[in-house]
Student: 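So that we are looking at the same thing, I have put the structure below in structure tokens.
Every number for a ligand or one of its atoms is a count from 1 in the order of the listing.
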Amino acid sequence: MTPKTIVITGASDGIGAGAARQLHDIGHRVVIVGRSPEKTEAVAAALGVPFHIADFADLSQVRTLVQDLLDAYPRIDVLANNAGGTFTQRTTVDGHDLTMQVNHFAPFLLTTQLLDRLIESDAAVIQTSSVAHRAWGDIDVEDLDNQRKWSAQKSYGDAKLANVLFTKELDRRYRNQGISAAAFHPGAIATNFASEGSGPFRFAYHSIFSKLFEGVDAGASRLTWLADGEPGVTWEHGGYYAKNALAKTNPQVDDAELAQKLWERSETLVGV
Ligand SMILES: NC(=O)c1ccc[n+]([C@@H]2O[C@H](COP(=O)([O-])OP(=O)(O)OC[C@H]3O[C@@H](n4cnc5c(N)ncnc54)[C@H](OP(=O)(O)O)[C@@H]3O)[C@@H](O)[C@H]2O)c1
């Protein structure tokens with residue numbers, strides 16, 4: 001096995017931390033990215049791997065993270081955009097809905113600013129999306145922050161739909177330059193998910209109902225399968241996966257013009 005350098009965001013907890021452990025055990029060079037300095041350092045120290053801190057609620061911290069990663073890693077074979085979740089309604093310092101920013105704008109900025117390094121590395125870029133993109137996603141590119149009518153479900157559904165549309169557009173634009181892209185639903189996994197959210201998500205994940213969910217290792221194994229796999233061989237370019245198989249998507253995912261508009265609007269809104 002050829003070890004890959006695998007950068008995982010949201011690796012201080014839950015699915016990201018679980019995948020970091022699994023990929024490290026296989027023999028890959030894992031790089032932990034987290035928000036909480038204490039939690040992130042603890043996960044990295046247990047594995048003896050490097051770590052970086054950035055709060056995606058502040059895009060200036062994402063820009064600093066980009067520079068730190070460029071300085072530290074001459075190759076990035078896999079970028080796993082996994083940090084995310086559902087949050088209460090809040091406007092970030094950058095003027096965006098917090099849920100949309102953490103799940104979409106921040107990883108969009110991170111990926112596009114790392115593109116030259118990712119292209120040089122023939123990298124795979126993996127988005128942790130959710131089946132919620134099908135249930136609640138209904139994107140209006142002119143109102144990505146859902147300022148007209150916000151709900152926790154719509155905000156999260158749109159953000160996770162943006163992950164799949166971003167995956168499609170990344171594949172369309174950069175596959176012929178060596179980039180591979182995929183998105184996936186990890187399953188309903190008992191993690192810290194929605195601990196800063198409200199309403200049905202918080203209730204489901206932080207009540208007796210969470211006992212119905214799968215454990216962290218199962219959710220992590222789906223990220224591990226993509227990150228450890230061979231794009232174009234073990235998984236399809238631009239695919240959306242659930243349980244390691246291609247899965248049904250929201251009808252908006254087939255709208256190539258929407259994917260392109262989302263990319264262009266996101267560039268404008270994050271200032272690149
Ligand atoms: N659990 C599920 O059933 C489920 C289902 C579908 C999709 N997902 C997706 O899976 C991914 C991982 O979630 P999880 O279930 O493992 O939840 P989790 O245990 O809450 O982990 C979320 C990770 O994202 C990080 N994060 C949260 N806010 C952040 C911010 N402002 N800036 C940077 N990092 C931030 C967290 O950092 P801290 O440690 O500092 O909180 C943590 O590392 C998310 O994208 C989530 O939407 C989860």
Side-chain angles (χ1 to χ4, degrees), residues 7-22 32-44 51-62 64-65 80-88 90 92-94 96-107 109-110 126-137 152-153 155-164 166-167 183-197 200-206 209-224 226 240-243 247:
V7 176
I8 308 177
T9 70
S12 61
D13 210 336
I15 293 160
R21 283 189 284 272
Q22 293 173 359
I32 305 284
V33 178
R35 170 181 55 169
S36 152
E38 297 76 23
K39 288 168 68 179
T40 307
E41 188 170 0
V43 173
F51 69 91
H52 301 268
I53 306 296
D55 185 344
F56 285 10
D58 177 354
L59 292 179
S60 72
Q61 294 192 29
V62 178
T64 304
L65 172 65
N81 285 314
N82 169 76
T86 171
F87 306 95
T88 50
R90 201 181 104 195
T92 66
V93 290
D94 305 286
H96 299 300
D97 171 45
L98 177 62
T99 299
M100 183 53 87
Q101 178 158 325
V102 174
N103 287 280
H104 170 63
F105 289 129
L109 180 62
L110 179 64
I126 299 164
Q127 280 57 246
T128 306
S129 178
S130 168
V131 72
H133 93 274
R134 266 179 66 200
W136 295 294
Q153 291 96 315
S155 165
Y156 184 63
D158 281 0
K160 291 317 208 186
L161 174 55
N163 292 160
V164 186
F166 171 63
T167 300
F184 75 106
H185 168 60
I189 310 298
T191 63
N192 211 23
F193 181 79
S195 58
E196 295 163 55
F201 288 125
R202 190 181 165 87
F203 179 72
Y205 281 82
H206 298 279
F209 286 108
S210 67
K211 300 232 178 297
L212 300 170
F213 297 168
E214 292 182 279
V216 166
D217 284 346
S221 73
R222 290 147 195 162
L223 176 50
T224 296
L226 288 166
Y240 167 77
Y241 285 84
K243 292 193 175 166

Student: Counting only nitrogen or oxygen atoms and a 3.5 angstrom limit, does Gly34 reach ligand 1?
Tutor: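 So ligand 1 has no N or O lying under 3.5 Å from an N or O of Gly34.
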
Student: Fit a plane to each ring of Tyr240 and His133, take the angle between them on a 0 to 90° scale, and name the class: parallel (under 30°), tilted (30 to 60°) or perpendicular (over 60°).
Tutor: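 Tyr240 vs His133 ring planes: perpendicular.
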
Student: Heavy-atom contacts with Gly85 under 4.0 Å: which atoms of ligand 1 show up? List them by number with element.
Tutor: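 So the atoms of ligand 1 that pass are 47 (O).
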
Student: Any nitrogen or oxygen of Phe87, main chain or side chain, under 3.5 Å from a nitrogen or oxygen of ligand 1?
Tutor: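 No; every N/O pair is 3.5 Å or more apart.
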
Student: If you measure from each heavy atom of Ala132 to ligand 1, is any distance below 4.0 Å?
Tutor: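 In this structure, Ala132 fails to qualify as a contact of ligand 1 - no heavy atom is under 4.0 Å.
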
Student: Identify the protein heavy atom lying closest to atom 31 (N) of ligand 1, giving its residue, its atom name and the separation to 0.1 Å.
Tutor: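 Protein heavy atom at minimum distance: Asp55 OD1, 2.9 Å.
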
Student: Starting from atom 17 (O) of ligand 1, find the nearest protein heavy-atom neighbour and note its residue, name and distance.
Tutor: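 Nearest neighbour among protein heavy atoms for atom 17 (O) of ligand 1, to 0.1 Å: Thr191 OG1, 3.4 Å.
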
Student: I'd like to check which ligand 1 atoms, numbered from 1 as shown, lie under 4.0 Å from a non-hydrogen atom of Ser129.
Tutor: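 Those of ligand 1 that fall under 4.0 Å from Ser129 are 6 (C), 7 (C).
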
Student: Within the structure, does His185 bring an N/O atom to less than 3.5 angstrom of an N/O atom in ligand 1?
Tutor: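 In this structure, His185 places no N or O atom under 3.5 Å from an N or O of ligand 1.
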
Student: Do Glu196 and ligand 1 have an N or O pair less than 3.5 Å apart?
Tutor: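 In this structure, Glu196 places no N or O atom under 3.5 Å from an N or O of ligand 1.
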
Student: Any side-chain heavy-atom pair from Tyr156 and Thr99 closer than 4.5 angstrom?
Tutor: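 Heavy-atom side-chain distance check passes, below 4.5 Å.
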
Student: In terms of residue, atom name and distance, what is the protein heavy atom nearest to atom 9 (C) of ligand 1?
Tutor: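 Scanning the protein heavy atoms, the shortest distance from atom 9 (C) of ligand 1 goes to Thr128 CG2, 3.7 Å.
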
Student: Just wondering, do Thr92 and Asp58 contact through their side chains at under 4.5 Å, heavy atoms?
Tutor: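 With C-beta onward as the side chain, the pair stays apart.
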
Student: What atoms of ligand 1 come within less than 4.0 Å of a heavy atom belonging to Lys39?
Tutor: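 Atoms satisfying the 4.0 Å criterion: 38 (P), 39 (O), 41 (O).
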
Student: Using a strict threshold of under 4.0 Å (side-chain N to carboxylate O), is an ion pair present between Arg35 and Glu41?
Tutor: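 The answer is no: the pair does not qualify as a salt bridge.
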
Student: Just going by heavy-atom distances, which of Ile15, Ile189, Thr86, Val33 is nearest to atom 48 (C) of ligand 1?
Tutor: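 Closest candidate by heavy-atom distance is Ile15.
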
Student: May I ask you to identify, for Val102, whether its side chain, its backbone, both or neither come under 4.0 Å of ligand 1 on a heavy-atom basis?
Tutor: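 Under 4.0 Å from ligand 1, Val102 contributes side-chain atoms alone.
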
Student: I'd like to know if the side chain of Ser210 reaches the main chain of His206, judged simply by a donor and an acceptor atom lying under 3.5 Å from each other, with no hydrogens or angles considered.
Tutor: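 It does not hold such a pair.
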
Student: Can Glu196 and Arg90 be counted as an ion pair, charged N to O under 4.0 angstrom?
Tutor: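 No, this pair does not count.
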
Student: My understanding is that we take every heavy atom of each candidate and find the minimum distance to atom 22 (C) of ligand 1. Doing that for Ala83, Gly84, Ala80, Gly14, which one comes out nearest?
Tutor: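 It is Gly84 that holds the nearest heavy atom.
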
Student: If you have a sec, work out which protein heavy atom is nearest atom 36 (C) of ligand 1 and how many Å separate them, to one decimal?
Tutor: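 Here the closest protein heavy atom is Ser12 OG, 4.0 Å.
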
Student: Which heavy atom of the protein is the closest neighbour of atom 46 (C) of ligand 1, given with residue, atom name and distance?
Tutor: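 Of every protein heavy atom, Tyr156 OH, 3.6 Å lies nearest to atom 46 (C) of ligand 1.
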
Student: List the residues meeting side chain to side chain donor-acceptor pair (under 3.5 Å) with Asp97, not counting sequence neighbours, and say none if there are none.
Tutor: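 Checked Asp97 against side chain to side chain donor-acceptor pair (under 3.5 Å); matches are Trp150, Ser155.
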
Student: Just wondering, do Pro107 and Gln127 contact through their side chains at under 4.5 Å, heavy atoms?
Tutor: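 In short, these two side chains do not touch, never coming nearer than 4.5 Å.
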
Student: Only heavy atoms of Ala54, strictly under 4.0 Å: list the atoms of ligand 1 that pass.
Tutor: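 Here the atoms of ligand 1 in question are 32 (N), 33 (C).
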
Student: Starting from atom 40 (O) of ligand 1, what is the nearest protein heavy atom, named by residue and atom, and what distance separates them?
Tutor: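 Among all protein heavy atoms, the one nearest atom 40 (O) of ligand 1 is Arg35 NE, 3.0 Å.
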
Student: Quick one: does Gln101 get a heavy atom under 4.0 Å from ligand 1?
Tutor: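 Checking ligand 1 against Gln101, which is what was asked, there is no heavy-atom contact under 4.0 Å.
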
Student: When you check the side-chain N and O atoms of Asp55 and Gln61, is any donor under 3.5 Å from an acceptor?
Tutor: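 Note: Asp55 and Gln61 side chains miss the donor-acceptor criterion.
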
Student: Which residue holds the protein heavy atom closest to atom 32 (N) of ligand 1, what is that atom called, and what is the gap in Å?
Tutor: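 So the nearest neighbour among protein heavy atoms is Phe56 N, 2.8 Å.
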
Student: Please tell me if the side chains of Thr128 and Pro186 come closer than 4.5 Å, counting only heavy atoms from C-beta onward.
Tutor: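 With C-beta onward as the side chain, the pair touches.
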
Student: To the nearest 0.5 Å, what is the distance between OG1 on Thr191 and CD1 on Ile15?
Tutor: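 Here the rounded value is 5.5 Å.
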
Student: Can you classify the ring geometry of Phe201 versus Trp136 as parallel (below 30°), tilted (30 to 60°) or perpendicular (above 60°)?
Tutor: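 The arrangement is perpendicular - the two ring planes meet at more than 60°.
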
Student: Within the side chain of Asp94, is there an N or O that forms a donor-acceptor pair under 3.5 Å with the backbone of His96?
Tutor: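 Pair absent, no side-chain N/O of Asp94 close to backbone of His96.
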
Student: How far is atom 11 (C) of ligand 1 from the closest protein heavy atom, and which atom is that?
Tutor: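 For this ligand atom, the closest protein heavy atom is Asn82 O, 3.2 Å.
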
Student: Measuring only between side-chain heavy atoms, which start at C-beta, is Val7 closer than 4.5 Å to Val33?
Tutor: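 In short, these two side chains touch, coming nearer than 4.5 Å.
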
Student: I'd like to check whether Ser130 has a polar contact with ligand 1, where a contact means an N/O of the residue lying under 3.5 Å from an N/O of the ligand.
Tutor: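 No; the residue has no nitrogen or oxygen that sits under 3.5 Å from a nitrogen or oxygen of the ligand.
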
Student: List every atom of ligand 1 that sits less than 4.0 Å from any heavy atom of Ala57, numbering the atoms from 1 in the order shown and giving each element.
Tutor: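 Listed by number with element, the hits are 31 (N).
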
Student: Can you check which of Gly219, Gly187, Ala188 brings a heavy atom nearest to atom 4 (C) of ligand 1?
Tutor: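 The option holding the nearest heavy atom is Gly187.
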
